[in-house]
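Letters go in sequence order (proteins before strands), and every chain restarts at 1.
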Amino acid sequence: MLKDITLGQYYPCDSPLHRLDPRVKITAALVYIVSLFFVRDFPGFAYVTLCLAVLVALSRVPLSFLFRGMKAIFLIILFTFAANLFLTDGSVLWQLGFLRVTSEGLYRAAFMALRLILLIVGSSLLTLTTKPMALTDGIESLLSPFRRIGLPAHELAMMMSIALRFIPTLMEEADKIMKAQSARGADFESGNVLQRAKALIPLLVPLFVSAFRIAQDLAMAMEARCYRGGEGRTRLHPLKMRGRDRAAWILILLYTLILLVQAGWIVF
Amino acid sequence: MPIEVKELSYTYNEGLSFASAALSEVSFRVEDGSFTAVIGHTGSGKSTLVQLLIGLLKPQRGTVLVDGEDIFAENGGCRRARQKIGLVFQYPEYQLFEETVAADVAFGPKNQGLSGEELDACVADSLALAGLPAEEYGERSPFELSGGQKRRAAIAGVLAMRPKFLILDEPAAGLDPKGRRDLLELIRGVQKQRGSGILLISHNMDEVARMAEQVLVMDGGRLAMQGSPAEVFAQGEALRAMGLGLPAAAAFAERLRARGFALPPVLTTEDAAAALLKVWAGSRTRRD
Amino acid sequence: MSAFIEIENLSYAYPVNEGETPRPALDGVSLRIEAGSFTAVIGRNGSGKSTLAKQLNALLRPDAGRVLVDGLDTADDAQIWEIRRRVGMVFQNPDNQLVSSIVEDDVAFGPENLGVPTEEIRERVDEALAAVSMEAQRQKGPHLLSGGQKQRVAIAGVLAMRPRCIVLDEATAMLDPKGRQEVMEILEHLHRQGITVVLITHFMEEAARAERIVVMSRGKVCMDGSPAEVFARGEELRALDLELPFAIDLAERLREGGLALPQGILTEDDLLEALCPSK
């Protein structure tokens, strides 16, 4: 049941965005996220939204998938909106008891909420159009220059891809353990925060033990298949920059420049 | 304390695009103290069925009656069902968590409200029944036991709740032949000593033939066949069509019959030997 | 001529905590395994058979004695990677040996570690998946596969390294009857192709399909011979808490009951022939 939902929400299809090198997409996502904090006004957000809309169209991912991520964060967006709405000082528009809405508050709330929405939709485009394996390969490649200063890029990437691989397995295991303990009268639902935390011990301890057991077995199996770290490893799907990736780099640069000029960070 | 199931149906992820029907209109009844086996190909709904019996899942349609009570009708019905029915999952040793074996076995009865001397006695009794005497194993960490011992400790944990009915999902999975024999002895012991009813899910037709009084055959979420082992295993064709096998002796007897041997139905190797010797003796006296 | 695997007086004990006495898992084991043979190693849990398996690809190293694999000494650190390339291993838990979220990527794991060029990895992966009949599932995630399918992927992952020998450490113990059958068929196929197969198992029916059975108990080899030879010693096997495969068990009972059956009956087909010879 839970097996059918792949975490990272990869949406399989063949689109220009799907075909891009993961390194380009990861960098684009990072640039995009940072750029959101350089936007100063709503026209700026309009520009970003336009660019995002183009990308969404290019990705051929249905809008319903895109907004799935929103459901999970909906509460946070609501909270951000409300906090900014009621807690900002300025010229009062409306008041009910101690709840005060100012025009500055309204502006800020809309601004913050919009930024948050754009952030989530934009970054989910990354995971929707990139296979988990490609993501970890991309991260490994981008981090490999830092190996010189001691960063274990390959090991980090390997850890990430193994973690992704075992998420469904561990979720199933957790489900089984919860059911087994419930069958013995465990109650995961009722009680205050402290009681519920204590009730998690019969779930967490076996889950940890399972995770360790999996790790031991897996390490042995990897060694048996001659794994000895990243040195000398080749790939079935090596990453290669193509024409469209080079074009993408240029577009990323252009996007950033236009944004910075619009927001007034760069003046001619 | 009978368990009765009527028109039970369950669908995973109902309403979503990847919904899958796991059970369709299953109905049966198992009596107090009886030994029932459930067989079926992987994915036929056996595990889903037993989870419904103690309310770990809620059915879309149908009822589960434990001791006459519909467990989904009122609040607390499922909890009461879990007091009366113990469920041992596959590879139950993966659920051990406490610091000592005794503490882990005590988890269930503690949740039932037992404490003090009563609790200790209950734990000791269950450990003894599971072949792990409390004096020797009680204070040890469950994680330093061998695989087979861990499994017994986990089963003791379920036995400690004194269920009137014990459901076991492939309890001998992964064990070697002796481990398997010992475990089945344990189950028989529980049935005898406590008078508990047993529901056993198994892939091993030989042990089903040997131990069960009634066999339920699941196929694609439906109850395809029901009857005594002799009745069920007489239908070799139908079972094979469902991807199931027969006890080795029964399958072999079928092959012999195909070559002209007149054999009565056999379930175990002993039966087969006895039947064949009789036939051979009969043919010898005819010749003499 | 030297055998593919030569085990000379091998002893090994698992490391223990302070103050505990180590129990030998293997005690003076000597064995020769010929290239291209199909050997089954049976014994109770704790008999040392799994420990022996891990000595064959240098996952464990001898405390005493030595293990030579294709002429290479497992105690030699410099040789262990070449040994592991030549002797592949499939483990008991189907899930815990699959590294990747996609079947074909997992099969590629071994060749990637060996530094095989990309084009050739593709070839090897295709070959290996075909050998285990899992080409159709190449893009699937392992959590969508049955136990038997996962073990087939694990076997493919080993085959992609082009080993000379494959060791299966109770690889069918966690599978349902269908899964076990799938794996056994592949093993027999590989054996016919000349790959040395070492099968650690507690299923007597599987051992009966091998050319040779080694019976272990308490870290020592107590029986070694063809299935016919080993299963003829029913009493001894029972004393070791092992069982006889169905056909052999039935044949013995019939002989005890006075029925004269020829020796050497191993499979149901044999017994069937003996009881009612086809005209």
Side-chain angles (χ1 to χ4, degrees), chain A residues 1-8 10 12 130-137 140 154 157-173 175-176 210-240, chain C residues 53-54 56-60 80-102 104-126 139-145 150 154 157-158 160-161 163 166-167 169:
Chain A
M1 7 145 249
L2 279 161
K3 293 177 185 185
D4 299 310
I5 310 174
T6 35
L7 213 72
Y10 175 65
T130 319
K131 285 189 192 169
M133 197 71 175
L135 260 181
T136 52
D137 277 351
E140 181 177 354
H154 165 81
M158 180 62 78
M159 271 164 50
M160 274 189 276
S161 73
I162 290 177
L164 283 173
R165 141 84 182 100
F166 278 97
I167 286 173
T169 310
L170 283 171
M171 286 201 322
E172 241 184 271
E173 188 75 16
D175 188 62
K176 236 188 91 183
S210 273
F212 272 106
R213 191 185 60 245
I214 293 175
Q216 264 189 315
D217 287 351
L218 192 67
M220 198 158 55
M222 286 168 74
E223 277 203 20
R225 288 206 267 165
C226 296
Y227 176 75
R228 40 189 151 158
E231 282 308 310
R233 286 196 92 232
T234 47
R235 309 299 272 119
L236 174 63
H237 302 294
L239 297 176
K240 261 197 292 248
Chain C
K54 298 191 184 90
L56 298 180
N57 68 348
L59 280 177
L60 294 175
I80 58 177
W81 304 108
E82 185 50 36
I83 291 173
R84 289 176 190 170
R85 191 197 68 73
R86 298 190 198 183
V87 177
M89 184 170 285
V90 178
F91 298 86
Q92 183 180 64
N93 190 316
D95 251 310
N96 301 355
Q97 60 193 323
L98 299 179
V99 172
S100 178
S101 343
I102 297 178
E104 72 168 9
D105 288 347
D106 189 87
V107 176
F109 184 72
E112 285 176 349
N113 293 331
L114 294 175
V116 172
T118 301
E119 265 312 301
E120 205 191 320
I121 300 183
R122 169 55 54 193
E123 263 177 49
R124 291 195 188 196
V125 167
D126 292 345
Q139 296 289 348
K140 278 206 180 150
H143 53 283
L144 298 171
L145 301 177
K150 284 184 213 170
V158 164
M161 298 176 67
I166 177 166
V167 178
D169 188 358

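- Note on C/E82 versus C/R85: salt bridge recorded, some NZ/NE/NH1/NH2 to OD/OE distance being below 4.0 Å.
- If you measure heavy-atom distances from C/D95 to chain A, the contacts under 4.5 Å come from both the backbone and the side chain.
- Ranking C/I102, C/L59, C/V125, C/V90 against chain A, the residue ahead of the rest is C/L59, based on heavy-atom pairs under 4.5 Å.
- Only the side chain of C/P142 comes within contact range of chain A, with at least one heavy atom under 4.5 Å from a heavy atom of that chain.
- The candidate from C/I80, C/I83, C/V87, C/D105 with the greatest count of non-hydrogen atom pairs under 4.5 Å with chain A is C/D105.
- Side-chain atoms of A/T234 come within 3.5 Å of backbone N or O of C/V116 as a donor-acceptor pair.
- Looking at C/F109, the atoms closer than 4.5 Å to chain A (heavy atoms on both sides) sit in the backbone and in the side chain alike.
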Under 3.5 Å, side-chain donor or acceptor atoms of residues 211-226 of chain A against the rest of the protein: list the pairs with distances, not counting sequence neighbours.
from	atom 1	to	atom 2	distance (Å)
A/R213	NH2	A/S210	OG	3.4
A/D217	OD2	C/N96	ND2	3.0
A/E223	OE1	C/R84	NH1	3.2
A/R225	NH1	C/D106	O	2.8
A/R225	NH2	C/Q97	O	3.3
A/R225	NH2	C/D106	OD1	3.4
A/R225	NH2	C/D106	OD2	3.0

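- Side-chain contact between A/H237 and A/K131 is absent, with no heavy-atom pair separated by less than 4.5 Å.
- At a 4.5 Å heavy-atom cutoff, C/E123 makes no contact with chain A through either its backbone or its side chain.
- Among C/N93, C/N113, C/T118, the residue with the largest count of heavy-atom pairs under 4.5 Å with chain A is C/N113.
- In this structure, C/Q92 and C/D169 have side chains that are not in contact, with every pair of non-hydrogen atoms separated by 4.5 Å or more.
- The ring pair (Phe, Tyr, Trp, His ring centres under 6.0 Å) test applied to A/H154 returns A/Y227, not counting sequence neighbours.
- Looking at C/E104, both its backbone and its side chain come within 4.5 Å of chain A, counting heavy atoms on both sides.
- When each of C/M89, C/M161, C/E119 is checked for heavy-atom pairs under 4.5 Å with chain A, C/M161 comes out on top.
- Using a 4.5 Å heavy-atom threshold, the side chains of A/R165 and A/M133 count as separate.
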